[in-house]
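Contents: one structure, followed by commentary.
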2 protein chains.
Amino acid sequence: MTTAEPAPIELPEEPTQARRFGKARTAQSAALLEDYAELIADLLATGGEARPTDIARRLGVSHATAIKAIARLKREGLATARPYRGVFLTEAGEHLAGRVRLRHRLVVDLLLAVGVPREAAEQDAEGIEHHVSDATLAAFSRFLAGR
Amino acid sequence: MTTAEPAPIELPEEPTQARRFGKARTAQSAALLEDYAELIADLLATGGEARPTDIARRLGVSHATAIKAIARLKREGLATARPYRGVFLTEAGEHLAGRVRLRHRLVVDLLLAVGVPREAAEQDAEGIEHHVSDATLAAFSRFLAGR
DNA sequence: ATGAAAATGTAGCCTTGGCTACACTTGGTT
DNA sequence: AACCAAGTGTAGCCAAGGCTACATTTTCAT
Ligand SMILES: [Mn+2]
Ligand SMILES: [Mn+2]
Ligand SMILES: [Mn+2]
Ligand SMILES: [Mn+2]
């Protein structure tokens with residue numbers, strides 16, 4: 001034989017595929033808020049305060065960009081902030097941050113468990129975490145527990 | 001004891017964290033082109049042609065949105081298309097589609113292997129695939145081979 | 001107390017990726 | 001040959017998420 005057998009291509013049903021892509025887009029649009037919420041919670045927990053400049057530096061964006069995102073967090077009821085006074089999370093924001101942090105850790109742990117090198121795991125988890133459903137998260141937990 | 005021990009929070013170094021977030025943003029901006037390339041290749045392979053309306057229906061977006069994305073594919077040298085004549089992939093586009101399809105399959109297979117239910121695996125893979133680095137992909141391959 | 005540096009906020013610009021509405025081809029039926 | 005439906009393209013709108021430049025407020029050292 002000259003080449004490996006190319007696996008046959010089969011397309012999902014059209015409505016199924018459209019639904020999957022749509023959900024992936026929805027997950028993506030939530031990603032930014034999730035990262036901000038998680039980071040703000042971490043900064044508050046470790047340093048005591050979450051200032052726009054700190055947030056911006058950690059995310060690698062300009063402070064203007066961070067301030068606009070914080071405005072969106074406020075608009076969506078996840079954070080509070082008064083001018084020149086730092087950012088805090090609402091109940092909803094804290095709750096979101098908690099779930100996001102758990103997901104983040106589980107994704108990293110699963111990647112490590114299947115043999116992904118540490119830094120790749122930490123890097124890839126930052127994107128992957130936003131696309132892990134509850135069902136998948138549960139499977140990750142079971143897999144990690146049973147070994 | 002009353003509550004589970006809350007794992008201690010430690011933040012990555014600032015430049016490290018900024019680099020990770022930046023890479024995740026870059027990966028995200030490539031995601032749309034990857035999905036289009038993969039889908040166009042699949043349509044060409046199975047149906048013989050990839051028309052804007054088909055692409056739009058499968059992605060769950062309007063045909064106008066699809067046409068604009070196809071324009072971007074052309075701009076970036078991944079596709080060719082003449083008015084009213086359907087879309088084709090360039091060498092670069094075919095190559096991208098091939099890599100994306102492989103990644104997509106490996107991600108689904110890995111999720112199944114760790115116990116994720118079929119539909120959740122297919123769904124989550126659609127987003128996860130865009131954040132899987134070569135190092136992680138290699139680890140997935142090894143994991144799947146050794147069992 | 002004051003002056004400089006740092007942080008914060010605002011304005012205006014850009015690209016991406018959505019959408020709807022409308023105009024124009026194309027291709028099959030009659 | 002003509003018509004009509006489907007497909008295609010274009011225009012114009014919007015929100016998100018980037019940026020730079022500039023104005024304002026705080027904070028900190030002197
Ligand atoms: Mn993230
Ligand atoms: Mn995270
Ligand atoms: Mn995808
Ligand atoms: Mn895919």
Side-chain angles (χ1 to χ4, degrees), chain A residues 14 18-40 43 47-88 126-127 130, chain B residues 14 18-40 43-44 47-76 78-88 126-127 130:
Chain A
E14 190 181 280
R19 183 168 28 75
R20 286 180 191 158
F21 280 121
K23 281 196 191 175
R25 283 192 297 271
T26 299
Q28 190 51 46
S29 91
L32 184 123
L33 293 181
E34 293 180 351
D35 283 335
Y36 271 83
E38 185 187 8
L39 176 56
I40 290 168
L43 288 173
E49 62 176 352
R51 294 143 75 227
T53 308
D54 301 336
I55 297 168
R57 270 203 300 256
R58 290 212 164 254
L59 288 171
V61 298
S62 75
H63 82 276
T65 295
I67 286 174
K68 283 213 291 190
I70 292 163
R72 190 178 156 206
L73 284 174
K74 290 202 277 184
R75 226 187 312 141
E76 311 224 353
L78 297 169
T80 60
R82 287 178 327 294
Y84 296 95
R85 236 75 260 194
V87 184
F88 299 91
E126 203 50 74
H130 308 287
Chain B
E14 190 181 280
R19 185 170 25 76
R20 285 182 192 157
F21 279 121
K23 280 196 191 175
R25 284 192 297 271
T26 300
Q28 190 51 45
S29 91
L32 184 124
L33 294 181
E34 292 180 351
D35 282 336
Y36 271 83
E38 185 186 9
L39 176 56
I40 291 167
L43 288 172
L44 289 174
E49 62 177 353
R51 294 144 73 225
T53 308
D54 301 336
I55 296 169
R57 270 203 300 256
R58 291 212 164 253
L59 288 171
V61 297
S62 73
H63 81 276
T65 295
I67 285 174
K68 284 213 289 191
I70 292 163
R72 188 176 158 207
L73 285 173
K74 290 202 278 184
R75 228 187 312 139
E76 312 225 353
L78 296 169
T80 60
R82 287 178 328 294
Y84 297 94
R85 236 75 255 190
V87 185
F88 299 91
E126 203 50 75
H130 308 288

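Order of the sequence lines fixes the chain letters, A, B, ..., with proteins taken first and strands second; residue numbering starts at 1 for each chain. It should be emphasised that the depicted structure is a prediction, and the values quoted were computed from it without experimental measurement.
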Original post:
Given atom CD of B:Glu49 and atom C1' of D:dG7, what is their separation to the nearest angstrom?
Top reply: 11 Å
Subject >> Closest nucleotide among D:dG17, C:dT8, C:dC19 to the A:Ile67 side chain >> reply: C:dT8
**OP:** Let me know the distance between CD1 of B:Ile70 and C1' of D:dT8, rounded to the nearest Å.
**Re:** 10 Å
Original post:
So which nucleotide from D:dC19, D:dT26, D:dT8 ends up closest to the side chain of B:Tyr84?
Top reply: D:dT8
**OP:** Tell me, yes or no, whether the heavy-atom count around B:Lys23 atom NZ, taken from other residues, nucleotides or ligands under 6.0 Å, exceeds 12.
**Re:** no
Original post:
For A:Ser29 and D:dA16, is the shortest distance between a side-chain N/O and OP1 or OP2 below 4.0 Å?
Top reply: no
**OP:** Nearest whole angstrom, please: distance from the C1' of C:dG17 to the CG of B:Leu59.
**Re:** 12 Å
Subject >> Pair of N/O donor and acceptor under 3.5 Å linking D:dG7 base with B:His63 side chain >> reply: no
Original post:
How many angstroms lie between NZ in A:Lys68 and CZ in A:Arg72, if you round to the nearest 0.5 Å?
Top reply: 12.0 Å
Subject >> Interatomic distance where CG belongs to A:Leu32 and P belongs to C:dT16 [whole Å] >> reply: 18 Å
**OP:** Remember a base hit wins even if backbone is also touched, and classify A:Ala69 as base, sugar-phosphate or nothing at under 4.0 Å, heavy atoms.
**Re:** nothing
Original post:
Roughly, in whole Å, what's the span from CD1 in A:Ile55 to C1' in C:dA7?
Top reply: 13 Å
**OP:** Would you please confirm or rule out a distance under 4.0 Å between OP1 or OP2 of C:dG18 and any side-chain N or O of B:Arg72?
**Re:** no
Original post:
Can you find a heavy atom in the side chain of A:Ile40 that is under 4.5 Å from one in the side chain of A:Leu73?
Top reply: yes
Original post:
Judged by modelled atom types alone, do A:Thr26 and A:Ser29 share a side-chain donor-acceptor pair under 3.5 Å?
Top reply: no
Original post:
What is the distance, rounded to the nearest whole Å, between atom CZ of B:Arg85 and atom P of C:dT25?
Top reply: 13 Å
**OP:** Would you kindly give the CZ-to-P distance between B:Arg51 and C:dG27, to the nearest whole Å?
**Re:** 11 Å
Original post:
With distance as the sole criterion, is a donor-acceptor pair present between the side chains of B:Glu34 and B:His130 under 3.5 Å?
Top reply: yes
Subject >> Toward the 5' end of DNA chain C, by each residue's nearest nucleotide, A:Pro52 or B:Pro83 >> reply: A:Pro52
Original post:
Closest nucleotide of DNA chain D for B:Gly86 versus for A:Gln28: which of these residues is on the 5' side?
Top reply: B:Gly86
Original post:
Would one find a side-chain N or O of B:Thr53 under 4.0 angstrom from OP1 or OP2 of D:dA6?
Top reply: no
Original post:
For B:Ala64 and B:Glu76, take the nucleotide of DNA chain C holding the closest heavy atom to each; which residue's nucleotide lies nearer the 5' end?
Top reply: B:Glu76
Original post:
C:dT16 phosphate, OP1 or OP2: any side-chain N/O from B:Arg75 under 4.0 angstrom?
Top reply: yes
Original post:
Counting only side-chain N and O atoms of A:Arg82, is one of them less than 4.0 Å from OP1 or OP2 of D:dT25?
Top reply: no
Original post:
When you measure from the side chain of B:Arg25, which nucleotide among D:dT24, D:dT8, D:dG18 comes out closest?
Top reply: D:dG18
Original post:
Looking at side-chain heavy atoms only, is the closest gap between B:Lys74 and B:Val87 below 4.5 Å?
Top reply: no
Original post:
Could you give the CG-to-P distance, from A:Asp54 to D:dT27, as a whole number of Å?
Top reply: 14 Å
**OP:** Consider the side chain of B:Lys68, meaning its heavy atoms from C-beta on, and name the nucleotide among C:dT26, D:dC13, C:dT10 that approaches it most closely.
**Re:** D:dC13
Original post:
When all nucleic acid strands are considered with a 4.0 Å heavy-atom cut-off, which category describes B:Thr65: base, sugar-phosphate, or nothing?
Top reply: base
